[in-house]
Amino acid sequence: MDKLIVEGGHKLSGSINISGSKNASLPILAAALLTDEPVRISRVPDVSDTNYMLQILSQLGASVERSSGTVRIESPEGISSSASYEQVRKMRASICLLGPMMARMKRCTLPLPGGCVIGDRPVDLHVRAIQALGARVRVKGGNLVIDAPNGLVGTTVDMRGDSGPTVLGTDNLMMAAVLAEGTTVIESAAREPEVVDLANFLNKMGARIEGAGSRTITIHGVERLHGCEHTVIPDRIEAGTFMVAAAMVSDGLTLNRVWRPHMKAISDLLVECGHTVEFNEEGTTVYVAPAKNPRSGKILTNPYPGYPTDMQAQMTALFALTPGISVVKDTIFPQRFMHCSELKRMGANIKVDNGTAIITGVESLSGAPVMASDLRASAALVLAALAAEGTTEIHRLYHIDRGYEMLDEKLMSLGAKVSRVLDLDAVPLEES
Ligand code: EPZ
């Protein structure tokens with residue numbers, strides 16, 4: 001297991017390319033199961049979550065080839081409809097295999113994803129969706145055992161849960177519906193750009209999907225889908241993470257291969273707090289520089305186009321060094337504050353209560369040994385370490401490797417003093 005050693009206080013400068021989106025790639029890779037023809041997907045980030053997904057697909061019998069960021073997948077007749085616990089337990093997002101497996105094979109056995117540090121990860125909305133299309137769902141031995149002997153039939157499904165829309169739930173229903181009989185209408189659909197990217201990929205395969213990006217998506221079932229080529233959208237959360245790094249500890253950074261329309265909530269908040277955010281005309285490059293007098297801020301996370309839950313930890317690191325009192329409330333994952341206790345070990349002044357963090361800015365943070373806990377919490381610790389005085393050791397780096405492609409190399413290219421070393425005193429790897 002690795003740890004990251006970060007020598008704080010070195011201002012970043014220069015430019016980097018943002019990678020393709022992890023959260024767009026995962027359902028798109030799963031959607032390759034919907035055809036027996038080859039699909040070619042470019043800008044798939046080389047992170048452990050996409051590697052887990054590719055391992056699962058090849059375990060199911062698909063042929064998977066990867067050359068740098070491009071993946072070629074072919075899912076011949078006879079692929080398995082049952083994914084192993086060993087693989088699935090590593091990544092909750094493997095639930096997005098449910099839709100394509102049911103559409104292609106009309107049955108699937110998928111281990112139930114357990115909870116994780118950001119909170120319980122229920123799948124009741126996924127189950128509601130596939131049952132609405134006529135499938136039978138049983139829970140047996142920790143697995144979802146699903147079949148649809150009479151096939152899947154389109155209908156209208158309202159996918160709203162207590163915490164609002166579901167991203168992967170919307171994806172699963174869309175993928176199950178593309179080969180169903182008749183028309184499916186998804187009400188209260190998730191509007192995330194990653195859902196739109198999946199719909200665009202499915203339409204390139206010959207699906208007939210309208211309204212992706214709005215709260216109502218209509219899918220007209222077709223007989224079969226064919227192969228296609230697709231390039232995944234930029235990762236708006238990676239881009240946001242580097243924008244916060246620029247606002248915290250840089251002389252100004254330029255981020256290439258971003259897409260402005262996906263970054264509004266993140267950009268608006270940084271500007272409200274006094275930081276400089278300038279996109280080029282095409283919206284594909286952004287320059288970010290720290291405010292001379294940064295202002296505290298308030299975050300209430302919401303489904304897209306609201307402020308993303310995946311970006312609240314990173315902004316908390318910035319707020320920790322911003323004069324005044326900032327407030328972060330996560331309405332989607334109210335327990336997603338594991339980073340706060342680690343930031344306090346570095347001298348941050350944060351009170352967490354009932355899904356809300358109250359952050360009082362301090363003059364400086366001091367480097368310390370800290371523990372990564374989940375993907376975005378770990379990113380927040382890296383940001384704090386870059387700005388802190390002294391050296392920080394971030395243990396359990398595998399959390400970061402799940403969703404950030406070559407993070408240490410990118411930071412080094414911007415002038416950060418970071419090094420990845422083997423963590424000799426690491427405790428055994430518990431379930432991620
Ligand atoms: C996706 O997870 C993202 N992951 C998450 O990013 C992101 O935090 C989340 O959407 C919210 O934006 C991927 O896209 C791979 P949800 P997903 O279903 O789809 C509740 C990261 O850091 N819910 O939209 O699993 C759920 O508990 C990851 O990259 C139900 O109640 O999340 C939550 O409160 C972390 N029942 C809310 O809905 C269900 O059946 C939104 O969850 C499903 C979800």
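Residue numbers start at 1 and run along the sequence shown. Atoms within a ligand are numbered from 1 in the order they appear, just like the ligands themselves.
A side-chain donor from one of Thr241 and Tyr404 sits under 3.5 Å from a side-chain acceptor of the other. No side-chain donor from either of Thr360 and Lys351 sits under 3.5 Å from a side-chain acceptor of the other. Between the side chains of Thr301 and Asp330, at least one donor-acceptor pair of N or O atoms lies under 3.5 Å.
At a 4.0 Å heavy-atom cut-off, ligand 1 touches Pro122 through backbone and side chain alike. The side chain of Thr309, and not its backbone, has at least one atom closer than 4.0 Å to an atom of ligand 1 (non-hydrogen atoms only; side chain from C-beta on). For Arg376, every heavy-atom contact with ligand 1 shorter than 4.0 Å involves the side chain, none the backbone. Within the 4.0 Å heavy-atom criterion, the part of Asp310 lying near ligand 1 is the side chain and not the backbone. Residue contacts with ligand 1 for Phe333 involve side-chain atoms from C-beta outward but no N, CA, C or O (heavy atoms, distance under 4.0 Å).
For atom 1 (C) of ligand 1, the closest heavy atom belonging to the protein is Val167 CB, 4.0 Å. Distance from atom 18 (O) of ligand 1 to its nearest protein heavy atom, with residue and atom name: Thr166 OG1, 2.7 Å. From the protein, the heavy atom lying nearest to atom 36 (N) of ligand 1 is Asp124 OD1, 2.7 Å. Counting protein heavy atoms only, atom 37 (C) of ligand 1 is closest to Ser163 CB, 3.8 Å. Looking only at heavy atoms of the protein, atom 4 (N) of ligand 1 is closest to Asn23 ND2, 3.7 Å. Of the protein's heavy atoms, Leu125 N, 2.7 Å lies nearest to atom 40 (O) of ligand 1. The nearest heavy-atom contact from the protein to atom 34 (O) of ligand 1 is Ile332 O, 2.7 Å. Ranking protein heavy atoms by distance to atom 35 (C) of ligand 1, first place goes to Arg336 NH2, 3.6 Å.
Under the 4.0 angstrom criterion for non-hydrogen atoms, Asp162 is not in contact with ligand 1. Within the 4.0 Å heavy-atom cutoff, His126 counts among the residues contacting ligand 1.
Listed by number with element, the atoms of ligand 1 under 4.0 Å from a non-hydrogen atom of Ala93 are 15 (C). When each atom of ligand 1 is checked for a heavy atom of Lys22 under 4.0 Å away, the hits are 21 (C), 29 (O). Atoms of ligand 1 lying under 4.0 Å from any heavy atom of Leu168, numbered from 1 in the order shown and given with element: 19 (O), 25 (O).
Of the charged side-chain nitrogens involved, at least one lies within less than 4.0 Å of a carboxylate oxygen, so that Arg72 and Glu74 count as a salt-bridged pair. Asp401 and Arg420 are joined by a salt bridge, as a carboxylate oxygen and a charged side-chain nitrogen come within less than 4.0 angstrom of each other. With salt bridges taken as basic N to acidic carboxylate O contacts below 4.0 Å, none links Arg257 and Glu238. No salt bridge links Arg260 with Glu282; every basic N to acidic carboxylate O contact stays at or beyond 4.0 Å. Comment: Arg336 engages Asp310 in a salt bridge, judged by a side-chain N to carboxylate O separation of less than 4.0 angstrom.
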Val327 and Ile359: CA distance, side-chain angles, deciding distance, side-chain contact (heavy atoms from CB on, under 4.5 Å) verdict: CA-CA 6 Å; Val327 181; Ile359 306 119; over 6 Å; no

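By the neighbour-count criterion of 12 heavy atoms within 6.0 Å, atom CD of Glu210 is densely surrounded, having more than that number from other residues, nucleotides or ligands.
Here the closest non-hydrogen pair linking Arg402 and Ser48 is CA-OG, 3.0 Å.
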